Structure formats: C-alpha cells, structure tokens
Asker: 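Have a look at this one.
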Amino acid sequence: MLKDKVAMVTGAAQGIGYAISEEFAIQGANVVLTDYNPNVIDAAKDLDKKYDGKIIGLVLNVMKTDSIVDGLNKIIDTYGKLDYAVNNAGGGVLKPFAELTDDDFDKTINLDLRGTFLCMREEIKVFLKQGYGSIVNAGALGSIYNPGGMGAYNAAKNGIMGMTQAAAVDYAENNIRVNCVAPGLTKTPLNDGGFLEKILPTVPMKRYETAAEVAKVYVFVASEATFMTGQTILSDGGVSVGLK
Ligand SMILES: NC(=O)c1ccc[n+]([C@@H]2O[C@H](COP(=O)([O-])OP(=O)(O)OC[C@H]3O[C@@H](n4cnc5c(N)ncnc54)[C@H](O)[C@@H]3O)[C@@H](O)[C@H]2O)c1
C-alpha cells in the first residue's frame, strides 16, 4: 500500500519507534530507522531482511541540529525524497513536582520538546523544497492527563501538542500536514520501573497497549488521514474519557 513511499522514524532502535518502523515496512514503505543508539543499524538490517522496501538505519541525535540535518541529507541522497517523518524519540524524568531538579527539568525539555522542535524545523525545510510532506510527533497521555509525577514530562508533551498546532497552521497551505499521536500505557524499555503497574487499574480497557497497536495509529495518521492536520490523537484504552 505504501510502496515507493519513504518514512523516517526517530528513536527507532527499540520500543514504539521500532514498531512504527516495522508497521511502515509491513505496509511496503522504504523506511529509515534513526536513533542515537548505534544498535539502530542492526535493528534496521533485521527489518530489511524481512520486508520488500529498502530499509536502512542511521545514527541521529535529535538534540543536535547538525546530526538531524546530516541525517535528512543522507535520506534525500539515498531515496530522493521523504514522505513521512515521525518524531518519536522522547522520554523524561517522572517525579513529583517539588522533587524535580533543574537538571531533571532541562533533560526532559531538551529531549522531548527541543528535540521535537529541531526535527520538525529541519523536516519542514525539506518538505517546503519538495512541496509536500507529513509529520507525526509523539505526544503522550501525559500531554493532557496526569496520573501524577509528570511535571516536566507533561510540560514537554503538552508543548509538543502546541507546536503541532502551530506548525500545522503555518504550513497547511504548503501541502504539509503536522499531527501528534499520544500513546497510552505501552510496555517498552522506557517504563521498566513499575510506573505502569500503578496506573493500570485506572485504564477502562484494563490492559496495556502494545507497541504494534499504537504503531498502526501513527502510520494511519502519517499516510492516510489526508485532511487531518494539527490534531493530537489519543490511543489510550479510554483513560482520557473516564475512570472505571
Ligand atoms: N511507552 C509508553 O507507555 C509511552 C506512553 C506515551 C508516550 N510515549 C512516548 O513514545 C515515545 C517512545 O517511547 P518508548 O516507550 O518506545 O521509549 P523507549 O525508551 O523504549 O525508546 C526511546 C528511543 O529513543 C531513543 N532516544 C533517546 N534519546 C534520543 C536522542 N537524543 N536522539 C535520538 N534517539 C534518542 C532511545 O535510544 C530509544 O531507542 C516517547 O516519545 C515517549 O515519551 C510512550
């Protein structure tokens, strides 16, 4: 279905980013898995063996403009274009508000909010040149709903929601869509620490989301939702609409 399309995903060495990359591959796209962890190269090789598209890995740090520009140049050199960019890399320090140190706050904002901003800015430049493109950012349940202990993470993810809206309006007439997907409780290496177990009872569907489930939402929003822009789509098992 997405044969001849080119997708890039940040933070793709593991977790949700890897699952998004695999879903693009399942749908026939060429995929560029990027991550600051060099393991991304082998992760991409594994997918390339299984699927028809040309799938490569690139080391790319979303906190460094040079690294992002370098990565985008390599993508254009290799494929001649970029159709979809998923800014998935993220994470953050989860602590009650008054316990967050300056460093905790800066780390979270720098990775999530600033990292997403830098990627979006450089991707939009590429999309303006080629005349089209679609961006999907990673929000979180914590973009709008707080189970507690999310002072810095919530600020960053809420900010990503705002930047998504702002960029969507700026470039709607340029054939560039910008949206955000907010995953629910998804078991990945990010949240090994028992945090999810505590809040699982508040999820109306009473189970975790799988990375493969939310990956389908990302790919749909990136590729098929062609009149949707500026939106944050929650895939959260019902958390945002009620407690049960
Ligand atoms: N897992 C959940 O329950 C959940 C829920 C809501 C939102 N999210 C969001 O989904 C995204 C992915 O989460 P995950 O659970 O797969 O996390 P994860 O920690 O399993 O994976 C994150 C990936 O990002 C990479 N990364 C970190 N810093 C980077 C940088 N500076 N440059 C490039 N890559 C970098 C890591 O190496 C890792 O491969 C994050 O933005 C997270 O906030 C996750």
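Just so we're clear, the structure is a prediction, and the values are computed from it rather than from any experiment. Remember, it's 1-based here, ligands and their atoms both numbered in the order they're listed.
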Asker: Starting from atom 3 (O) of ligand 1, locate the nearest protein heavy atom and write down its residue, its atom name and how far away it is, to 0.1 Å.
Answerer: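 Here the closest protein heavy atom is Thr186 N, 2.8 Å.
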Asker: Which of the numbered atoms in ligand 1 are under 4.0 angstrom from any heavy atom belonging to Met63?
Answerer: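 The atoms of ligand 1 under 4.0 Å from a heavy atom of Met63 are 31 (N).
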Asker: Check Cys180 against Ala138 and note the closest heavy-atom contact, atom names and distance.
Answerer: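 Result for this residue pair: SG-C, 4.1 Å.
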Asker: Are a donor atom and an acceptor atom from the side chains of Thr108 and Asp112 found within less than 3.5 Å of each other?
Answerer: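 Per modelled atom types, Thr108 and Asp112 side chains form no pair under 3.5 Å.
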Asker: Tell me: protein heavy atom nearest atom 5 (C) of ligand 1, and distance?
Answerer: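 Scanning the protein heavy atoms, the shortest distance from atom 5 (C) of ligand 1 goes to Gly184 O, 3.2 Å.
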Asker: Give me the nearest non-hydrogen protein atom to atom 32 (N) of ligand 1 as residue plus atom name, then the distance to 0.1 Å.
Answerer: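 Of every protein heavy atom, Val62 N, 3.0 Å lies nearest to atom 32 (N) of ligand 1.
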Asker: Identify the closest protein heavy atom to atom 23 (C) of ligand 1: which residue and atom is it, and at what distance?
Answerer: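 Its nearest protein heavy-atom neighbour is Gly11 O, 3.5 Å.
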Asker: Which protein heavy atom lies closest to atom 38 (C) of ligand 1, and at what distance to 0.1 Å?
Answerer: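 For this ligand atom, the closest protein heavy atom is Asp35 OD2, 3.6 Å.
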Asker: Who's closest to atom 15 (O) of ligand 1 heavy-atom-wise, of Thr188, Ile199, Leu60, Leu196?
Answerer: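 The option holding the nearest heavy atom is Thr188.
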Asker: Applying side-chain contact (heavy atoms from CB on, under 4.5 Å) between Asp48 and each of Ile56, Val31, Ile55, Asn30, report the one that passes.
Answerer: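 Only match with Asp48 under side-chain contact (heavy atoms from CB on, under 4.5 Å): Ile55.
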Asker: Can you tell which part of Lys157 has a heavy atom less than 4.0 Å from ligand 1: side chain, backbone, both or neither?
Answerer: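 It is the side chain that touches ligand 1; the backbone stays farther off.
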Asker: For atom 22 (C) of ligand 1, which of Gly15, Gly91, Gly90 has the closest heavy atom?
Answerer: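 It is Gly90 that holds the nearest heavy atom.
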Asker: Checking contacts here: is it the side chain or the backbone of Pro183 that comes within 4.0 Å of ligand 1, counting heavy atoms only? Could be both or neither.
Answerer: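 Both of them.
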Asker: At a 4.0 Å threshold, what atoms of ligand 1 neighbour a non-hydrogen atom of Ala140?
Answerer: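 Every atom of ligand 1 under 4.0 Å from some heavy atom of Ala140: 6 (C), 7 (C).
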Asker: Considering heavy atoms of the protein only, find what lies nearest to atom 20 (O) of ligand 1 and give residue, atom and distance to 0.1 Å.
Answerer: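 The protein heavy atom lying closest is Gln14 NE2, 2.9 Å.
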Asker: Who gets closest to atom 11 (C) of ligand 1 by heavy atom: Val40, Asn88, Leu111?
Answerer: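 Looking at heavy atoms only, Asn88 sits closest to atom 11 (C) of ligand 1.
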Asker: Measure from atom 26 (N) of ligand 1 to every heavy atom in Tyr208, Tyr36, Tyr153 and give the option owning the shortest one.
Answerer: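 Looking at heavy atoms only, the winner is Tyr36.
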Asker: Are Thr101 and Asp104 linked by a side-chain donor-acceptor pair shorter than 3.5 Å?
Answerer: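 Result is yes, a qualifying pair exists.
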Asker: Look at atom 16 (O) of ligand 1 and say which protein heavy atom is nearest, naming residue and atom and giving the distance to 0.1 Å.
Answerer: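 Among all protein heavy atoms, the one nearest atom 16 (O) of ligand 1 is Ile16 N, 2.8 Å.
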Asker: Are any of the heavy atoms in Ala19 under 4.0 Å away from ligand 1?
Answerer: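 It does not; every heavy atom stays at 4.0 Å or beyond.
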Asker: Would you say Ala12 contacts ligand 1, with heavy atoms under 4.0 Å as the rule?
Answerer: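 No; Ala12 lies far enough from ligand 1 that no heavy-atom distance drops under 4.0 Å.
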Asker: Using a strict 4.0 Å cut-off to heavy atoms of Ala138, name the atoms of ligand 1 that fall inside it.
Answerer: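 Atoms satisfying the 4.0 Å criterion: 41 (O).
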Asker: Using a 4.0 Å cutoff against the non-hydrogen atoms of Asn61, which atoms of ligand 1 qualify?
Answerer: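 Result: 30 (C), 31 (N), 32 (N).
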Asker: Quick check for you: to the nearest 0.5 Å, what is the distance between Thr229 atom OG1 and Gln231 atom CD?
Answerer: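 Atom-to-atom, Thr229:OG1 and Gln231:CD are 8.0 Å apart.
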